[in-house]
Amino acid sequence: MPRSKIAGIGKYVPANVVTNNDLTQYMDTNDEWIQERTGIKERRYAHRTEETTTTMAAEAAKIAIERAGTTAQEIDFIVFATLSPDYYFPGCGVMLQRALKMKEVGALDVRNQCSGFLYALSVADQFIKTGMYKNILVVGAEKHSFGLDMTTRGRNISVIFGDGAGAVVLQPTEKTDQGILSTHLHSDGESAEILAMYNPGTHANHWGAQNYADFDDAPIANMFMSHAMIDNAQNFPFMDGQSVFKKAVVKFPEVIHEALTANGYQSTDINMLIPHQANLRISQFVQAKLKLTDDQVYNNIQHYGNTTAASVPIALCEAWEKGKIKEGDLVCLAAFGSGFTWASALLKW
Ligand code: COA
């Protein structure tokens with residue numbers, strides 16, 4: 001059975017740099033608080049009308065496709081991970097198929113938030129291994145800036161997130177010392193409401209979402225997205241940051257160990273760990289727990305914030321572009337986020 005390898009990788013971040021100080025014009029926050037708690041100095045925000053999740057994905061994908069030595073016409077499947085799609089439906093997969101003028105290939109949308117790219121990579125890996133497809137485009141992209149509460153009320157979330165896109169092309173390889181060795185996916189829906197955007201949705205508060213007013217008297221047609229929801233700021237994400245932090249620092253090391261153990265490696269064997277860029281403090285905790293050196297872990301949240309599904313491919317691409325990942329290196333990708341979902345992938349570059 002062939003393995004799949006990352007044949008090409010690309011990233012795209014918007015030109016607009018938004019510093020912590022820039023945010024103080026919208027909300028009561030400051031550079032010191034943000035840097036101390038998250039490590040973030042700045043993030044990118046997409047152009048309000050010229051850039052969408054799909055257009056950013058297309059730019060990253062074009063680079064990945066070119067670096068893979070192929071063309072958009074040769075791609076035979078798309079897996080697209082995002083929590084900030086251009087439309088509620090259809091998903092971004094078909095939008096990307098159209099934007100890149102691709103053949104009428106299958107396009108799958110993945111909704112696993114911060115773990116989205118690793119879930120997408122794992123799905124694509126299975127299709128390559130079975131021989132079903134030969135050139136799969138796997139994308140993670142987000143335009144968070146359009147959906148954040150940019151007031152003091154939303155500051156605990158809004159300062160964290162940024163926009164961008166990353167993409168890889170997966171192809172089969174017959175080499176025994178190259179490619180994706182394994183992927184591991186997990187979920188625990190017990191805490192689904194802890195990091196979530198409840199609306200628009202069909203729940204009608206069935207699950208008792210926090211910060212959610214009941215709309216028992218609302219006409220049914222207005223339950224999906226009503227004026228009252230907007231008036232009550234219920235169209236923004238909710239996060240219990242401390243609960244997320246506590247779970248993340250347990251699950252990141254656990255899923256990395258799972259990947260290493262499954263392949264007979266130890267943490268000292270890792271050449272490069274690319275953790276999902278949730279929070280620099282989380283990454284530093286994971287690094288210390290695994291006893292990894294600074295050279296073994298790549299972080300760029302300082303400059304892009306948390307770009308959710310895009311964070312792993314953006315960081316992987318940047319580390320590779322800087323020459324920090326070389327042929328034969330053991331690379332570990334790991335993510336944790338809303339759901340909760342968490343995942344890892346171990347690969348030989
Ligand atoms: N600027 C200034 N003050 C802020 C602020 C901001 N952007 N956001 C919150 N605060 C204030 C709070 O209002 C609170 O004030 P109070 O003590 O007067 O009530 C104080 O700072 C502490 O808030 P708290 O939420 O307890 O801070 P924290 O130490 O837990 O840090 C996070 C908040 C979000 C940075 C932290 O919990 C975290 O990083 N969690 C993980 C989040 C994550 O990784 N999410 C992505 C998952 S993929």
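In listed order, ligands and their atoms are each counted from 1. Throughout, residue positions are numbered sequentially from 1 according to the sequence presented.
- Regarding atom 31 (O) of ligand 1, its nearest protein heavy-atom neighbour is Arg37 NE, 3.7 Å.
- The atoms of ligand 1 that sit less than 4.0 Å from any heavy atom of Val159 are 7 (N).
- Of all protein heavy atoms, the one closest to atom 26 (O) of ligand 1 is Gln242 NE2, 2.8 Å.
- Under the 4.0 Å criterion applied to side-chain N and carboxylate O atoms, Glu321 and Lys11 are assigned as salt-bridge partners.
- The hydrophobic clustering, which links ILVMFWY residues whose side-chain heavy atoms are closer than 4.5 Å, places Val138 and Leu96 apart.
- The OG1 atom of Thr293 sits 4.0 Å away from atom CD of Gln296, with the distance rounded to the nearest 0.5 Å.
- Within the 4.5 Å cutoff, side-chain heavy atoms of Lys134 are placed close to those of Asp76.
- Under 4.0 angstrom from ligand 1, the non-hydrogen atoms of Ala278 come from both its backbone and its side chain.
- Taken together through direct or relayed side-chain contacts under 4.5 Å among Ile, Leu, Val, Met, Phe, Trp and Tyr, Tyr304 and Leu280 form parts of separate hydrophobic clusters.
- Of all atoms in ligand 1, numbered sequentially from 1 with element shown, those under 4.0 Å from a heavy atom of His276 are 48 (S).
- Of the protein's non-hydrogen atoms, Arg155 NH2, 4.8 Å is the one closest to atom 14 (C) of ligand 1.
- For atom 10 (N) of ligand 1, the closest heavy atom belonging to the protein is Trp33 CZ2, 3.4 Å.
- Remark: minimum distance from atom 48 (S) of ligand 1 to any protein heavy atom is reached at Cys114 SG, 3.0 Å.
- Proximity of atom 18 (O) of ligand 1 to the protein is not indicated, since no non-hydrogen protein atom lies closer than 4.0 angstrom.
- Classification of Asp188 and Lys247 as a salt-bridged pair holds, one side-chain N sitting under 4.0 Å from a carboxylate O.
- Those atoms of ligand 1 that come under 4.0 Å of a heavy atom in Phe336, given as number and element, are 48 (S).
- Against a heavy-atom cut-off of under 4.0 Å, Asn156 is close to the following atoms of ligand 1: 8 (N), 9 (C), 34 (C).
- Taking a cut-off of under 4.0 Å to the non-hydrogen atoms of Ile282, the atoms of ligand 1 that pass are 44 (O).
- Atom numbering of ligand 1 starts at 1 in the shown order; those under 4.0 Å from a heavy atom of Thr38 are 35 (C).
- Of the possible polar contacts, none joining the Asp28 side chain to the Thr24 backbone as a donor-acceptor pair under 3.5 Å is found.
- Proximity of Val244 to ligand 1, defined as any heavy-atom pair under 4.0 Å, is confined to the side chain (atoms from C-beta onward).
- One side chain, Glu51 or Tyr12, offers a donor N or O that lies under 3.5 Å from an acceptor on the other.
- Heavy-atom separations between Ile157 and ligand 1 are all 4.0 Å or longer.
- Below 30°, between 30° and 60°, or above 60°: for Phe252 and His276 the angle between ring planes is below 30°, a parallel geometry.
- Atoms of ligand 1 found under 4.0 Å from any heavy atom of Leu195, numbered from 1 in the order shown, are 47 (C).
- Between the side chains of Asn299 and Gln277, at least one donor N or O sits under 3.5 Å from an acceptor N or O.
- Between Gln171 and Ala68, the shortest heavy-atom distance links the atoms NE2-O, 3.7 Å.
- Among all protein heavy atoms, the one lying closest to atom 38 (C) of ligand 1 is Asn279 ND2, 3.6 Å.
- Atoms of ligand 1 lying under 4.0 Å from any heavy atom of Asn306, numbered from 1 in the order shown and given with element: 46 (C), 48 (S).
- The protein non-hydrogen atom at the shortest distance from atom 1 (N) of ligand 1 is Thr29 OG1, 2.7 Å.
- Within the structure, the closest approach of Met239 to ligand 1 falls below 4.0 Å when heavy atoms are considered.
- When only non-hydrogen protein atoms are considered, atom 40 (N) of ligand 1 lies nearest to Gly241 O, 2.9 Å.
- The minimum heavy-atom distance linking Asp163 with Ala46 is given by the pair OD2-N, 2.7 Å.
- His144 and Thr307 share no donor-acceptor pair across their side chains, judged by distance under 3.5 Å alone.
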